Amino acid sequence: MEDKNLTKRDLQALETKKRLIRSAHEVFLKNGFNKTTISEIIKEAGVGYGTAYVYFKNKDAMFVTVMESVMERFLQVADQTFHPSSVVAAREQIVNQVRAFLELAIEEKNMLKVIKEAIGISDVVEARWLEIRKQFIESITNDITYSQSNNLVSTKFDAPIAAKSWYFMNEMFLWECVETEEVNLDKIVEQLSLLYTSALYE
């Protein structure tokens, strides 16, 4: 929700930035990361060069903002309230989260391809990706810690290590969904969830 106290000038500036982000999303999606130029994005947005550089110092910074907007949808899945009262409830929510995460990967397949390309080219993008990855792992760690404190998961498991293992399994299948033309999503969700819940929620 926008702040009602924003001045007309503030609102115009906000709209200009949004227009740049929308245009960047479209141009990156069309051309890929490497072939996109900041000039193309500025032209698509219909703003002046000076104006564009007020908000973004370069192409990498623009792409990071686009990537963040895409990955925010994935983080919303990871950050769902996780307060199961039983092992059955925990397993059910985990299955639903895995499915939602991988369905998003398929939905955002084209942009995720560009993200993977950018990670391999730009140190700035890679650094931000590592920060986003850390957010996922922290969220999973919190879920495991909650389950341990409620006697749903054995305290023999180190929560951060288990969380990191679970995240990387999911990321591996995220890229498989992106790079493979057709995947058996039901089978992946079933097996991935079974492996994880059988270990922790025995």
Side-chain angles (χ1 to χ4, degrees), residues 1-3 18 21 25 63-116 118-119 124-180 182-202:
M1 179 179 283
E2 292 176 358
D3 192 330
K18 286 180 180 177
I21 294 169
H25 188 284
F63 188 80
V64 163
T65 302
V66 171
M67 179 173 72
E68 287 171 342
S69 67
V70 172
M71 295 312 299
E72 180 59 33
R73 300 182 66 199
F74 289 86
L75 285 166
Q76 285 172 4
V77 173
D79 289 340
Q80 289 175 9
T81 301
F82 188 81
H83 291 154
S85 56
S86 67
V87 167
V88 171
R91 284 178 170 170
E92 183 179 352
Q93 183 167 350
I94 289 164
V95 169
N96 290 338
Q97 283 180 299
V98 172
R99 179 173 293 280
F101 186 82
L102 295 180
E103 283 177 345
L104 266 179
I106 294 169
E107 184 183 331
E108 293 284 1
K109 176 182 288 194
N110 293 331
M111 182 50 72
L112 284 169
K113 287 179 180 178
V114 183
I115 289 173
K116 190 168 188 181
I119 291 169
V124 172
V125 175
E126 182 186 23
R128 183 65 186 111
W129 176 261
L130 294 178
E131 290 171 2
I132 291 170
R133 180 185 280 168
K134 187 178 177 182
Q135 286 178 257
F136 279 112
I137 293 169
E138 287 174 352
S139 180
I140 299 166
T141 300
N142 290 337
D143 291 348
I144 295 172
T145 301
Y146 170 86
S147 294
Q148 288 177 322
S149 65
N150 286 272
N151 300 314
L152 301 177
V153 168
S154 170
T155 53
K156 290 180 181 178
F157 287 99
D158 180 274
I161 292 176
K164 194 175 289 188
S165 302
W166 177 230
Y167 169 77
F168 279 110
M169 282 194 287
N170 279 272
E171 184 179 310
M172 180 182 71
F173 281 103
L174 174 143
W175 294 125
E176 183 169 317
C177 288
V178 168
E179 294 164 354
T180 307
E182 289 187 21
V183 294
N184 188 336
L185 185 62
D186 289 339
K187 195 70 172 176
I188 292 172
V189 171
E190 176 201 351
Q191 292 296 304
L192 191 55
S193 304
L194 181 63
L195 182 63
Y196 179 65
T197 58
S198 296
L200 268 70
Y201 296 87
E202 57 184 358

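Small disclaimer: the values here were computed from a predicted structure and weren't measured. Numbering of residues begins at 1 and proceeds along the displayed sequence.
- Counting non-hydrogen atoms of neighbouring residues, nucleotides and ligands closer than 6.0 angstrom, the NZ atom of K109 exceeds 12 such neighbours.
- Of the possible polar contacts, none joining the E68 side chain to the I132 backbone as a donor-acceptor pair under 3.5 Å is found.
- Here N142 pairs with nothing under the side-chain contact (heavy atoms from CB on, under 4.5 Å) rule; sequence neighbours left out.
- With sequence neighbours left out, the salt bridge (charged side-chain N to carboxylate O under 4.0 Å, His left out) criterion links E179 to K116.
- No side-chain heavy atom of H25 sits less than 4.5 Å from a side-chain heavy atom of T65.
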Residues L200, W166; criterion side chain to side chain contact (heavy atoms under 4.5 Å, CB included); working and verdict: CA-CA 11 Å; L200 268 70; W166 177 230; over 6 Å; no

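- Taking Y167 as the reference, F136 meet the ring pair (Phe, Tyr, Trp, His ring centres under 6.0 Å) condition, with sequence neighbours excluded.
- Looking at heavy atoms from C-beta onward, I106 lies in side-chain contact with V183 at the 4.5 angstrom threshold.
- Evaluation of the ring pair (Phe, Tyr, Trp, His ring centres under 6.0 Å) rule for Y201 yields no partner, not counting sequence neighbours.
- Classified by interplanar angle (parallel below 30°, tilted 30° to 60°, perpendicular above 60°), the ring pair Y146/H83 is tilted.
- Put simply, the side chain of S139 gets close to the backbone of A78: a donor and an acceptor are under 3.5 Å apart.
- Two residues are said to be in side-chain contact when any heavy atoms from C-beta on lie closer than 4.5 Å; L130 and R133 meet this criterion.
- Taking the side chain as every heavy atom from C-beta outward, Q80 and N96 never approach each other to under 4.5 Å.
- In this structure Q148 satisfies the side-chain hydrogen bond (donor to acceptor under 3.5 Å, both in side chains) test with no other residue, sequence neighbours excluded.
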Worked check of side chain to side chain contact (heavy atoms under 4.5 Å, CB included) between Q135 and M71: CA-CA 11 Å; Q135 286 178 257; M71 295 312 299; over 6 Å; no

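- The ring pair (Phe, Tyr, Trp, His ring centres under 6.0 Å) check on F173 picks up nothing, with sequence neighbours excluded.
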